[in-house]
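Here the structure is a predicted model, which is why all the values come from computation and not from measurement. These numbers come from the heavy atoms of this one structure, side chains and all, not from hydrogens, waters or symmetry mates.
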Amino acid sequence: MKIVDVKVFLAELEYIEPFTIALGTSTISRNIVVKILTDEGIVGWGEASPSRKITGETVESTIYAVKNYFKPILVGKDPICINDIFKEIDQSIEGHSSAKAAVDMALYDIAGKSFNLPLNKLLGSSRNTIVTDITIGIKSPSEMAKSAVKFVNRGFRSLKIKVGIDPLEDIERVKAVRNAVGEKVTIRVDANQGWTPKQAVKTIKAIEKYDVELVEQPVPWWDLDGMGFVRENVNTPIAADESIHNSFDALRLVKNKAADIINIKLMKCGGVHEALKIASIAAAADVELMIGCMGESTLGITGAAHFTAANESITYVDLDSDLLLKNNLVVDGGVTIKKDVRSLPTSPGLGIEKLAQDIMKEV
């Protein structure tokens, strides 16, 4: 089997409501869909959700990378030889992790279809359900409390609260949510690099009485010493997100003992092939794993869900971005949700049967 063509599409997906984190506010997620075609008629789909502030990519740079760097490498290759393909792709251009993730996802989709296996089974596991949290963007404490109650009433048992703009108000946000949902709901906090190390220690100590399960990326991504300082001075587990883009970052974090948890995102690391390396490093170092997302639709979330189901070492699951979007890119197939349980499709590959062509523009 050989790859004969690569097509690229733009999908603009609106958020149900403005989504605010410490790094800014989003009203739309502009994602890139990659379609890889083979000479045997098997087609693979993948999705990129680029972020200038996190992955250093724009929509335009993602499109350019796929069309001008990756497509010439892909055409003529055997799509099953994913590691060989990515040795060449990684040598062709640095960075562009979400663009690489889209290609990686499409290749794994083809691999699963060619072996007539859903991706989770191709990766070695028959587990087909995972439990996710859902994220509440930064708003006033009272508004976040209302959102928390709404999500708990929908069946979510874990909430991820975005903070990081003002430490004092962040404490009030956590307090308001805890008071609103009671003691049985799990609360995770994500500062998205919004605090200094000293602010982080003071703020985390103040919110520990509200039974916070973990705090994600409390300090700027580059400050591993600062993150290590926070970890040593609080009781709450610390998760590294923006600090970890690839397996080299994971190894450096482990050596520095800077965090208790590593958050893997396919959009940050370049796809499943690199995520597997990060997972191996974390397992060897006895560091817990979390799986997260950017602004992916159900297409990208399905790829991440397959990877998660095949890696039981992933303790914390945050695969909810598609639930915050107004538009539904996947019309048929893909991962579904009932309460907070995400169920994987059982058809081969990703299990994406049909995409909404009316919101996909070929570029």
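- For the atom pair CD1 (Ile36) and CG (Asp109), the distance works out to 9.0 Å, reported to the nearest 0.5 Å.
- Placement of Ile204 and Ile165 in two distinct hydrophobic clusters is found when ILVMFWY residues are connected by side-chain heavy-atom separations under 4.5 Å, directly or transitively.
- No option in Met227, Glu216, Gln217 other than Met227 meets the side chain to side chain contact (heavy atoms under 4.5 Å, CB included) test with Ile238.
- Between Lys77 and Asp84 no salt bridge is recorded (no basic side-chain N to carboxylate O distance below 4.0 Å).
- Rounding to the nearest 0.5 Å places CG of Asn83 at 10.5 Å from CG of Leu107.
- Note on Leu224 and Ile281: same hydrophobic cluster, where clusters join Ile, Leu, Val, Met, Phe, Trp and Tyr whose side-chain heavy atoms are under 4.5 Å apart, directly or indirectly.
- At most 12 heavy atoms of other shown residues, nucleotides or ligands fall within 6.0 angstrom of atom CD in Glu94.
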Note to self: Quick one, Lys139 with Glu17, criterion salt bridge (charged side-chain N to carboxylate O under 4.0 Å, His left out). Give me CA distance, side-chain angles, the key distance, then yes/no.
What the structure shows: CA-CA 11 Å; Lys139 297 180 280 191; Glu17 62 180 31; 2.9 Å; yes
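- In this structure, Phe9 and Trp45 have tilted ring planes: the angle between them lies in the 30° to 60° band.
- Judged by distance alone, with hydrogens and angles left aside, the side-chain atoms of Asp104 form no donor-acceptor pair with the main-chain N or O of Lys100 at under 3.5 Å.
- Residues Thr55 and Glu57 bring a donor and an acceptor atom of their side chains to less than 3.5 Å of each other.
- Side-chain atoms of Lys175 and Ile207, non-hydrogen and from C-beta on, never get closer than 4.5 Å to each other.
- Criterion: ILVMFWY side-chain heavy atoms under 4.5 Å apart, direct or through other members. Under it, Ile80 and Met105 are part of a common hydrophobic cluster.
- Atoms OH and CG, from Tyr108 and Leu123 in turn, are 6.5 Å apart once rounded to the nearest 0.5 Å.
- Side-chain N/O atoms of Thr135 and Asp318 include a donor and acceptor closer than 3.5 Å.
- In terms of heavy-atom proximity, Val219 sits nearest to Ala200 at CG1-CB, 4.3 Å.
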Note to self: One pair to check against side chain to side chain contact (heavy atoms under 4.5 Å, CB included): Val185 and Phe156. What are the steps and the verdict?
What the structure shows: CA-CA 8 Å; Val185 176; Phe156 288 93; over 6 Å; no
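- Partners of Phe19 under the ring-ring contact (aromatic ring centres under 6.0 Å, His included) rule, at least two apart in sequence or in another chain, are Tyr15.
- Using modelled atom types, no side-chain atom of Ser243 and backbone atom of Ala240 make a donor-acceptor pair closer than 3.5 Å.
- Taking 4.5 Å as the limit, every side-chain heavy atom of Thr302 sits out of range of all side-chain heavy atoms of Leu344.
- Using a 4.5 Å cut-off between side-chain heavy atoms of Ile, Leu, Val, Met, Phe, Trp and Tyr, with links allowed through other members, Val4 and Phe70 fall into the same hydrophobic cluster.
- When only modelled atom types and interatomic distance are considered, Trp195 and Asp170 share a side-chain donor-acceptor pair under 3.5 Å.
- Inter-residue side-chain proximity for Glu353 and Ser347 is flagged as met; some heavy-atom pair is nearer than 4.5 Å.
- Pro348 is linked by a side-chain contact (heavy atoms from CB on, under 4.5 Å) to Lys113, Asn116, counting only residues two or more places apart in sequence or in another chain.
- Two residues are said to be in side-chain contact when any heavy atoms from C-beta on lie closer than 4.5 Å; Ile134 and Leu323 meet this criterion.
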Margin query: Show, in sequence, the C-alpha distance, side-chain angles and deciding distance for Asp190 and Arg188, and conclude whether the salt bridge (charged side-chain N to carboxylate O under 4.0 Å, His left out) test is met.
Written below: CA-CA 7 Å; Asp190 185 3; Arg188 300 164 182 170; over 6 Å; no
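- Nearest heavy-atom pair across Gly295 and Ser29 is O-OG, 2.8 Å.
- The closest side-chain donor-acceptor pair between Glu296 and Ser49, if any, does not fall under 3.5 angstrom.
- Side-chain polar atoms of Glu312 and Ser125 form no donor-acceptor pair below 3.5 angstrom.
- Side chains of Ser313 and Asn311: a donor-acceptor N/O pair is absent below 3.5 angstrom, by distance only.
- Ile264 CD1 to Ile314 CD1: the interatomic distance, rounded to the nearest 0.5 Å, is 5.5 Å.
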Check: Which is it for Tyr69 and His96 under the side chain to side chain contact (heavy atoms under 4.5 Å, CB included) test, yes or no, and what are the steps along the way?
Finding: CA-CA 11 Å; Tyr69 283 92; His96 294 84; over 6 Å; no
For residues 354-361, tabulate all N or O donor-acceptor pairs below 3.5 Å that involve a side-chain atom, not counting sequence neighbours.
none

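- Between the side chains of Glu274 and Asn246, no donor-acceptor pair of N or O atoms lies under 3.5 Å.
- Under the 4.5 Å side-chain criterion, counting only non-hydrogen atoms from C-beta, Glu47 is not in contact with Val34.
- Side-chain contact between Met1 and Ser114: present, with at least one pair of heavy atoms (C-beta onward) separated by less than 4.5 Å.
- With values rounded to the nearest 0.5 angstrom, Ile54 atom CD1 is found 5.5 Å from Lys265 atom NZ.
- A distance-only check finds no donor-acceptor pair linking the side chain of Thr25 to the backbone of Ile21 [under 3.5 Å].
- Of the inter-residue distances, the one linking Asn31 atom CG with Met267 atom CE reads 8.0 Å to the nearest 0.5 angstrom.
- Residues satisfying the side-chain contact (heavy atoms from CB on, under 4.5 Å) criterion with Lys146, sequence neighbours excluded, are absent altogether.
- Put simply, the side chain of Ser98 never gets that close to the backbone of Ala48: no donor and acceptor are under 3.5 Å apart.
- Under the 4.5 Å side-chain criterion, counting only non-hydrogen atoms from C-beta, Ile161 is in contact with Ile187.
- Between the side chain of Asn256 and the backbone N or O of Ala258, no donor-acceptor pair lies under 3.5 Å.
- Formation of a donor-acceptor pair under 3.5 Å by the Glu143 side chain with backbone atoms of Ser140 is found in this model.
- Counting Ile, Leu, Val, Met, Phe, Trp and Tyr side chains that sit under 4.5 Å apart, directly or through other members, Tyr316 shares a hydrophobic cluster with Leu214, Ile261, Met290.
- Side chain of Gln199 to backbone of Thr196: a donor-acceptor contact under 3.5 angstrom is found.
- When every heavy atom of Val177 is checked against every heavy atom of Ala148, the shortest pair comes out as CG1-CB, 3.7 Å.
- Under a 3.5 Å cut-off, the side chain of Arg178 and the backbone N or O of Asp211 do form a donor-acceptor pair.
- In this structure, a donor-acceptor pair under 3.5 Å is absent between the side chains of Glu14 and Thr27.
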Next item on the list: For salt bridge (charged side-chain N to carboxylate O under 4.0 Å, His left out), just list the numbers for Asp340 and Arg154, CA-CA rounded to whole Å, side-chain angles, deciding distance to a tenth of an Å, and then say yes or no.
Entry: CA-CA 8 Å; Asp340 59 358; Arg154 281 174 53 181; over 6 Å; no
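- More than 12 heavy-atom neighbours from other residues, nucleotides or ligands sit within 6.0 angstrom of CZ on Arg127.
- For residues 259-292, the set of pairs meeting the ring pair (Phe, Tyr, Trp, His ring centres under 6.0 Å) definition, not counting sequence neighbours, comprises Phe86-His273.
- For the 3.5 Å distance criterion, the side chains of Asp133 and Ser158 fail to qualify, holding no donor opposite an acceptor.
- The backbone N or O of Val8 lies less than 3.5 Å from no partner atom in the side chain of Glu362, so there is not a single donor-acceptor pair.
- Connection of Val149 to Phe151 is not established within any shared hydrophobic cluster, with ILVMFWY side chains joined at heavy-atom distances below 4.5 Å, either directly or through further cluster members.
- A 4.5 Å side-chain heavy-atom check between Asp322 and Arg342 finds at least one atom pair inside the cut-off.
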